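Remember, predicted model here, so these are calculated numbers, not experimental data.
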Amino acid sequence: MPLILLCGFPSSGKSKRANELQEYFSNDYKRNVTVISDHSVGVNRNDVYDDSKKEKIVRGNLKSSVQRCLNKDSITILDSLNYIKGFRYELYCVTKESQTTQCVIHCNTDAVTASQWNLSREPGEQYSQEIFDALVMRFEEPNGSNRWDSPLFVVQKDDTLPFEAIADTLLKRKPPPQNASTLPQPLSSTNFLYELDRVTSDILQVIMAALKTYVPGDQISIPSSTDKLNLCRPFTLAELQRSKRQFITYTKMHPVDDTSKIGNMFVQYLNNTLK
């Protein structure tokens, strides 16, 4: 069943929208609706969002909760900041693998109003102003032209949710077909893991060499890929190695028959997540 992904600034009205959606689908469509939120995974906001390691663990817990709840019986709503486009891409891959639909609802409340709403909360529910400002600065706005942010519904603070359009998107649209990067396949080659590590390591070497002379906006050719890598900013070796580990972990679970596809898959993954 479908996933509804809410995103927006802190205190931008996401939980209110989640409640409205839960009531609508429960009453009008008689569907079971599961709402997953920071509260449901035990998040202390000011503690977690001040520590990147803790925040990464929380995102992993939210993703795992979504994976467990995607089933034929219920609609899942993820009520969290979801402000990192790389995380939204991961969730898109989850729904694609599960062969279900999803949509993104951006609660597009301006920062001044969201800050006022935050201060009106009970003290224990508020984001500190420092954390609030930092999250606003880090927010990566969804873009409907990106497949992982589509279909995108942008909702202003006084808007009524387009319930029928959301329902049509989730319940009448076909899910995206699985492709080589998400379709589970048996290992067909004994040297698959070796090739996976070799190709990704070679690509990192090419990127690190190119970074010595790059200009922001350059596109570099990768020997094992027909796609080019966008060098929009300087990448650190640690950042690239972390992306390599994440890609290898995912690809081990979803191997491909043709190892010549690994280069393209890795470059596409880097272009989608390192921005």
Side-chain angles (χ1 to χ4, degrees), residues 1-43 58-85 87-109 114 117 121 125 141-179 182-184:
M1 292 299 290
L3 171 67
I4 300 174
L5 186 67
L6 291 163
C7 72
F9 291 158
S11 303
S12 57
K14 298 182 295 298
S15 294
K16 173 189 174 184
R17 300 302 190 181
N19 292 334
E20 291 174 352
L21 288 162
Q22 184 176 30
E23 182 178 359
Y24 173 73
F25 282 105
S26 297
N27 294 337
D28 289 39
Y29 285 87
K30 308 304 179 186
R31 301 295 179 107
N32 294 324
V33 181
T34 302
V35 178
I36 298 169
S37 66
D38 288 353
H39 287 298
S40 69
V41 295
V43 169
V58 167
R59 287 199 300 272
N61 292 338
L62 290 170
K63 180 180 175 181
S64 296
S65 296
V66 168
Q67 288 174 308
R68 287 194 299 270
C69 291
L70 287 178
N71 58 62
K72 63 180 181 179
D73 298 320
S74 67
I75 290 173
T76 302
I77 301 173
L78 180 56
D79 172 19
S80 186
L81 295 172
N82 299 318
Y83 69 98
I84 299 174
K85 54 190 168 187
F87 182 54
R88 297 197 298 268
Y89 174 76
E90 289 181 33
L91 293 169
Y92 165 80
C93 290
V94 168
T95 57
K96 191 170 184 178
E97 180 181 355
S98 300
Q99 281 292 274
T100 190
T101 54
Q102 75 158 45
C103 73
V104 176
I105 300 176
H106 178 199
C107 297
N108 193 24
T109 303
W117 288 353
R121 289 178 163 183
E125 293 295 314
E141 187 170 325
N143 183 342
S145 63
N146 296 328
R147 63 189 184 278
W148 58 90
D149 287 333
S150 176
L152 173 64
F153 296 92
V154 180
V155 183
Q156 308 299 327
K157 61 185 179 68
D158 296 322
D159 287 350
T160 299
L161 281 172
F163 292 108
E164 291 186 8
I166 293 171
D168 287 347
T169 290
L170 296 176
L171 303 178
K172 296 182 180 179
R173 187 171 58 95
K174 291 183 178 180
Q178 291 178 297
N179 58 23
T182 60
L183 184 62

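Using a 4.0 Å cut-off between charged side-chain N and carboxylate O, Asp149 and Arg88 make a salt bridge.
Shown here are the side chain to side chain donor-acceptor pair (under 3.5 Å) partners of Arg31, two or more places apart in sequence or in another chain: there are none.
Remark: side-chain polar atoms of Ser26 are not paired, donor with acceptor, to backbone N or O of Glu23 under 3.5 angstrom. Looking at Ser12, its side chain does come within 3.5 Å of a backbone N or O of Phe9 through a donor-acceptor pair. Without hydrogens or angle criteria, Lys63 side chain to Val58 main chain gives no donor-acceptor distance under 3.5 Å. No donor-acceptor distance shorter than 3.5 angstrom exists from the side chain of Ser37 to the backbone of Ser80, with no hydrogens or angles considered. The closest donor-acceptor contact from the side chain of Asn108 to the backbone of Val154 lies at 3.5 Å or more, if one exists at all. Side chain of Thr169 to backbone of Ala165: a donor-acceptor contact under 3.5 angstrom is found.
Taking the six-membered ring where the residue is Trp, the centroids of Tyr89 and Trp148 are separated by under 6.0 Å. The aromatic ring centroids of Tyr24 and Tyr29 lie less than 6.0 Å from each other.
For the atom pair CG (Leu78) and CD1 (Ile4), the distance works out to 10.5 Å, reported to the nearest 0.5 Å. From Leu62, atom CG reaches atom CG of Asn82 across 7.5 Å, with rounding to the nearest 0.5 Å.
Within the 4.5 Å cutoff, the side chain of Gln22 has no heavy atoms near those of the Arg17 side chain.
With hydrogens and angles left out, the side-chain atoms of Gln156 and His106 include no donor and acceptor closer than 3.5 Å. Ser150 and Arg147 form no side-chain donor-acceptor contact under 3.5 Å, judged by distance and modelled atom types alone.
The environment of Gln67 atom CD is dense: over 12 non-hydrogen atoms of other residues, nucleotides or ligands sit within 6.0 angstrom.
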